[in-house]
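Worksheet: one structure, shown below.
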Amino acid sequence: MQMNKVLNYIKAVLENTPKDWIKLTTHRLDIYKEELAKTDFLNQFEVLFHNDNSNLDTLNELPTAFDYIRLGHPLSCILEWTIAHLNATKSENIISFSSKTIAVLAVLRKNLLENKNTQILYTGKLSELLDVEILRNVYGYKFDIKNTEETSTVSEFDGSTVYISQQNDIYNFNTSSNADFLINIHEEFGSVLFVNGEQNESYVSEIQHVRRRETIAMTPANCFSALNILVNKSFSENEKNNLEIDKALVLKTIKEVTGVQTKPLVASSGLSIQYAILMGLVNHALEKHKGKAIKIVVPPNCYGGTNDQARRVAACINNVEIIDLPVDGGNDMVKSIDLVLSKTALNDAVPFIIAEIPTNPRVEVPDLIKLEKVLSKKRTTEKGNTAIDPVFILDQTFCPNVHFLGEGEILSTVKTISFASGSKFPSGGLCTAGYCVGNAITKELMNKIELHLNICDNEATNLQYKILAKQLPSMNNRIHDAYKNTREFVNFIQDTLPEAKINFVSEELAQQGFTPSVFSLDLPTKGNTDEEKESYKRALNLKLIHLMISEIPNESKFCVSYGQLKGCYWTVPATSTQGTTKEGDKDYIVRASLSPNLDLELHKKIFIDFVKNI
């Protein structure tokens, strides 16, 4: 009886699903509560279920689920909630992935760090999905693996048992099994993981964090399809994806946008492609530079996902270490890189440098001629041997239209991999898919990156390719129009509040092609002590943001996003993009990003009201 109630309610919800749940990367940012992000949506959804309320307007008022659709979104939460009810468990014990393989990799990672044994039992042809040799030799995971047909025959094991089943029915699990983790793999949708038993619930947050940093949740469109199949037993999408045509157009457009001729790689998110980059480069270094230390050089105040992911990779692999790279806010990126590379050269280490250009959130661009010289500089080890050349990993999400890598460009002769987050300008906020390209001298590296993209099953989905095929061709025009709005707003703020410090590109840099649509704002402050001044400024930051959101709720949002099709996005980097960085490296300033389509005059008017009340 209870299950019929659940399925009938889900059927009604699917008939009234808000379009934003499927079409946007984030829903109802205006009512997003970060401290409740993992619970608020489902708590309120549960109340609606008990009241049998599936009204469209009511569903639309539900808060944002999790922080981005990488970690979870309304439809993935509802799918997991439904599967949990079907299997008499807590909703947090069901975790969905767009990837077919990372669910098991998440368990292996946790057990590696806890020095715990793992046995993997599976049905079907798992060898086509899991590259056992690389998972052991590169990722460092330790496990036994064998084919079996019966979950009920799981024998006692000193460690964790993972049972993997490849089937179209991803909803039902053999809960009588004594396997610790059960994973159902769907050929098209991805995978669903069941954390079985209270003794394994400590894994939940760690597994969710893998989903947050190295992959994404099952996509909104696929969750919608999966739920429809569950309640209707059959479901056909109205729009058919033509993958070959869409993918060919996306790859062609990325080449045109970046000015490179090498094959681009497209992943399910910006962090998915970045994870493939790091693991591909580590794999290459382990083969080509056996026994040598690998140094991942990362700005301590860069985007939190980048910072956190790099440290997570280092935590799993013995000879990988993180080195901080101060790049902005008074630090010079070129000088910092020169110092770091001099040290890694003396130690005969393999250096990988991750940097954002322009930097985030200070929107600074280094002297590119000096940067190229420092990266190309020939160095020697302590013993006088030639040092290993660095690989420069360039995050150009802020300015994906700038040509760095093509023939004759500034970084064409330095081993450089460039990547961009797809939830920003590439898709206009309609999907998370990200991409990377390499210059002509990185072909061998790109092959390794592609290998690890496939190992993690993190390639962009069919629908993501379809969205990119539609959005990428207009990207440069949108970048141009968004920059114009941002420049006008920045100039207006400078005139209206001249004592504020604004971080934005100069007109000279804009002439060179650096036309971001994001700026950061250091508001003027008051107080007798440093503590009083900092406290006043932080309160003023939030006052400005909340005023913009409350007065222009249809356009202004409290979010880290960038490159959307419309509206204006506000955040404090220290509490959002820099969430995982060390406290002393965080920026408690305002960061704003403007789109090509917004009511700029209204934003100016509200800013004047703000200034009048300071």
Side-chain angles (χ1 to χ4, degrees), residues 250-266 270 273-274 277 280-281 297 299 302 325 327-328 332-338 341 351-360 363-378 389-422 424-426 434-450 472-473 475-480 483 505-517 563:
V250 168
L251 298 185
K252 176 176 177 290
T253 308
I254 292 173
K255 288 181 179 181
E256 292 170 352
V257 165
T258 59
V260 303
Q261 293 304 311
T262 53
K263 177 187 174 183
L265 300 173
V266 187
I273 196 64
Q274 184 182 293
I277 292 169
L281 295 184
V297 184
C302 72
L325 179 75
V327 296
D328 62 6
D332 182 272
M333 181 187 293
V334 175
K335 290 180 180 177
S336 295
I337 289 175
D338 196 18
L341 288 181
F352 305 141
I353 302 169
I354 304 176
E356 298 164 293
I357 300 179
T359 59
N360 174 22
V363 203
E364 296 176 359
V365 178
D367 184 314
L368 296 179
I369 294 175
K370 290 181 179 178
L371 176 64
E372 188 274 336
K373 287 182 179 178
V374 163
L375 291 171
S376 302
K377 184 177 177 181
K378 296 303 176 185
D389 291 333
V391 178
F392 192 56
I393 307 165
L394 170 61
D395 181 350
Q396 61 175 108
T397 297
F398 275 3
C399 287
N401 56 322
V402 177
H403 288 186
F404 284 99
L405 309 186
E407 187 177 350
E409 300 294 348
I410 192 71
L411 296 180
S412 61
T413 58
V414 176
K415 287 182 181 177
T416 305
I417 309 292
S418 164
F419 70 97
S421 169
K424 310 304 188 291
F425 268 121
Y435 62 81
C436 81
V437 293
N439 57 22
I441 58 176
T442 61
K443 185 175 179 181
E444 191 175 352
L445 298 177
M446 289 293 287
N447 288 339
K448 286 295 187 187
I449 294 168
E450 184 172 20
L472 268 172
M475 184 173 77
N476 283 355
N477 289 334
R478 286 184 278 117
I479 289 172
H480 175 266
Y483 167 75
V505 293
S506 65
E507 296 276 7
E508 181 183 7
L509 280 170
Q511 290 295 321
Q512 295 174 29
F514 290 96
T515 54
S517 53

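In what follows, residues are counted from 1 in the order of the sequence shown. Note that the structure is predicted; figures quoted are calculated from it, not measured.
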My understanding is that only residues two or more places apart in sequence, or in another chain, count here; which of them pass side-chain hydrogen bond (donor to acceptor under 3.5 Å, both in side chains) with [X]?
X	result
D338	R379
T359	D328
E364	none

Less than 4.5 Å apart, side chain to side chain, heavy atoms only: is that true for [X] and [Y]?
X	Y	result
L368	P366	yes
I337	V297	no
Q396	V402	yes
I277	F352	no
M446	K443	no
F425	P400	yes
I357	L371	yes
E372	L375	no

Working to the nearest 0.5 angstrom, can you tell me the gap between [X] [atom1] and [Y] [atom2]?
X	Y	atom1	atom2	value
I417	I354	CD1	CD1	12.0 Å
I479	C399	CD1	SG	7.0 Å
F419	I393	CZ	CD1	7.5 Å
I273	D395	CD1	CG	12.0 Å
L405	F392	CG	CZ	10.0 Å

Using atom types as modelled, flag every donor-acceptor pair under 3.5 Å from a side chain in residues 251-265 to any protein atom, sequence neighbours excluded.
residue: K252; atom: NZ; partner: E256; partner atom: OE2; Å: 2.7
residue: T253; atom: OG1; partner: L249; partner atom: O; Å: 2.7
residue: T258; atom: OG1; partner: I254; partner atom: O; Å: 2.7
residue: T262; atom: OG1; partner: G438; partner atom: O; Å: 2.5
residue: K263; atom: NZ; partner: E450; partner atom: OE2; Å: 2.7

Subject >> Evaluation steps, side-chain contact (heavy atoms from CB on, under 4.5 Å), between D389 and K378 >> reply: CA-CA 8 Å; D389 291 333; K378 296 303 176 185; 3.6 Å; yes

Original post:
Do you know the tightest heavy-atom contact between N401 and G513?
Top reply: ND2-O, 3.8 Å

**OP:** Mind listing the closest non-hydrogen atom pair of P426 and Y435 along with its distance?
**Re:** CG-CE2, 3.7 Å

Side chains of residues 407-416: which donor-acceptor partners sit under 3.5 Å, not counting sequence neighbours?
residue: S412; atom: OG; partner: E409; partner atom: O; Å: 2.8
residue: T416; atom: OG1; partner: V414; partner atom: O; Å: 2.9

Original post:
Of all residues at least two apart in sequence or in a different chain, which pass the ring pair (Phe, Tyr, Trp, His ring centres under 6.0 Å) check with F398?
Top reply: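 Y562.
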
**OP:** Verify, without hydrogens or angle tests, whether T442 (side chain) and L445 (backbone) share a donor-acceptor contact under 3.5 angstrom.
**Re:**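 No, T442 side chain to L445 backbone: no donor-acceptor pair under 3.5 Å.
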
